[in-house]
Amino acid sequence: MIPFLNLKAVNEQYQTELKIACAKVIDSGWYVQGNECNEFEKEFSAYCSAKYAIGVANGLDALILIIRAYKELSVFKDNDEIIVPSNTYIASILAISQNNLIPILVEPNINTYHIDIEKIENKITSRTKAIMVVHLYGQAVEMTKILELSKKYNLKVIEDSAQAHGAYDNKKRVGNIGDASGFSFYPGKNLGALGDGGIVTTNDEELANTIRALGNYGSHKKYENVYQGVNSRLDEIQAAMLRVKLKHLDHEIEHRRKIANFYLNNIKNTDIILPTLNNETSHVWHLFVIRTANREKFQSYLLKNGVQTLIHYPIPPHKQNAYKEWNKLQYIISEQIHAEVLSLPISGIQSIEHTHQIVEIINKYKK
Ligand SMILES: *Cc1c(COP(=O)(O)O)cnc(C)c1O
């Protein structure tokens, strides 16, 4: 069986370094808010060319805390609206509604799977305060027009960069394009911890300070609480693991690009719609997502032939039980995407032999 992703093998590449880094933290006697997290924040902000980075407990918290901080700074208030793509992973939307703001779903473009720029403007109202872009599947959103719109209507731009560490739009890395950006280090992400983790990047000092306090019980100074904060921090062991893995991230991205280019150049089955690539550096290929009309048949064909695949994602947010109030609404493009997408195996270590085999199997498939 060719697995969708072999995480054990991903981390085994660095096991000597990881074990040394882990032992160093154990021996230090210091497990939260220490040197490893500080250093990782510096290294990750430098990687994105952003001024500030604040480690948090996970990617969802990164997005929640960005919005929460804008509320504390009186930029957002309850019932304000944030525009978000209707085909995103549920976390982007949860971050908005959990802050008592209103997610305004906008359909994606069927080719890029990114928010459809043409459909944003007529969703903007007097209550709209931000656009949340999602660099879905690892490709950076084309930001020029979105940044223009945000200027015109005085909107914040929040990036959900959970799937796109290292991707570029217009020579800028995600995490340094909008006003603030949330990243996830969930183990399966391109930069994955050995547990949960997340980070916010921004060039706004006041926002950075507010997020840092909010994630630490609302406190800048021990036992002095400015906000009703939460406990959301990146612990020392995870930061140490991430420091090791960040050094290898660009190399892994290069490998993913090789696999993706092989798929793009060699899958010749006309029943399969391949992903569209904006340019060479826009995509870090967290997922290689194809579309096909009879997805269930194609997926079981691949499985019978020893290829494991996954679906990102089977149910659109507006059809989820968690958002019953939207269940009767129609987002036709999202629904089509959710019915047709399938993610092929890809990783920083997938062998060329396996990739060849997968392509051969796909090219023999008949609808
Ligand atoms: C993974 C992910 C998140 C949430 O990250 P967690 O670390 O799992 O909380 C948010 N948005 C997107 C697009 C994601 O893929």
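For clarity, every value in this text was computed on a predicted model and none was experimentally measured. Order of listing sets the numbers, starting from 1, for every ligand and every atom in it.
The aromatic rings of F44 and H165 lie perpendicular to each other, with more than 60° between the two planes, well past the 30° mark. Aromatic ring pairs are classed by plane angle as parallel below 30°, tilted from 30° to 60° and perpendicular above 60°; the pair F76 and Y70 is tilted.
For the pair E72 and R68, the salt-bridge criterion is met [side-chain N within less than 4.0 Å of a carboxylate O]. Electrostatic pairing of K245 and E17 does not count as a salt bridge here, judged by no charged N lying under 4.0 Å from a carboxylate O.
In this structure the side chain of K71 reaches within 4.5 angstrom of the side chain of L101, judged on heavy atoms.
Under 3.5 Å, the side chains of N176 and K51 contain no donor-acceptor pair of N or O atoms.
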Note down each nitrogen or oxygen pair, ligand 1 side and protein side, whose separation is under 3.5 Å; give only atom names and the distance to 0.1 Å.
{"from": "ligand 1", "atom 1": "5 (O)", "to": "S184", "atom 2": "OG", "distance (Å)": "3.2"}
{"from": "ligand 1", "atom 1": "7 (O)", "to": "G59", "atom 2": "N", "distance (Å)": "2.8"}
{"from": "ligand 1", "atom 1": "7 (O)", "to": "S184", "atom 2": "OG", "distance (Å)": "2.6"}
{"from": "ligand 1", "atom 1": "9 (O)", "to": "G59", "atom 2": "N", "distance (Å)": "3.3"}
{"from": "ligand 1", "atom 1": "9 (O)", "to": "L60", "atom 2": "N", "distance (Å)": "2.9"}
{"from": "ligand 1", "atom 1": "11 (N)", "to": "D160", "atom 2": "OD1", "distance (Å)": "3.2"}
{"from": "ligand 1", "atom 1": "11 (N)", "to": "D160", "atom 2": "OD2", "distance (Å)": "2.7"}
{"from": "ligand 1", "atom 1": "15 (O)", "to": "Q163", "atom 2": "NE2", "distance (Å)": "2.8"}
{"from": "ligand 1", "atom 1": "15 (O)", "to": "K189", "atom 2": "NZ", "distance (Å)": "3.1"}

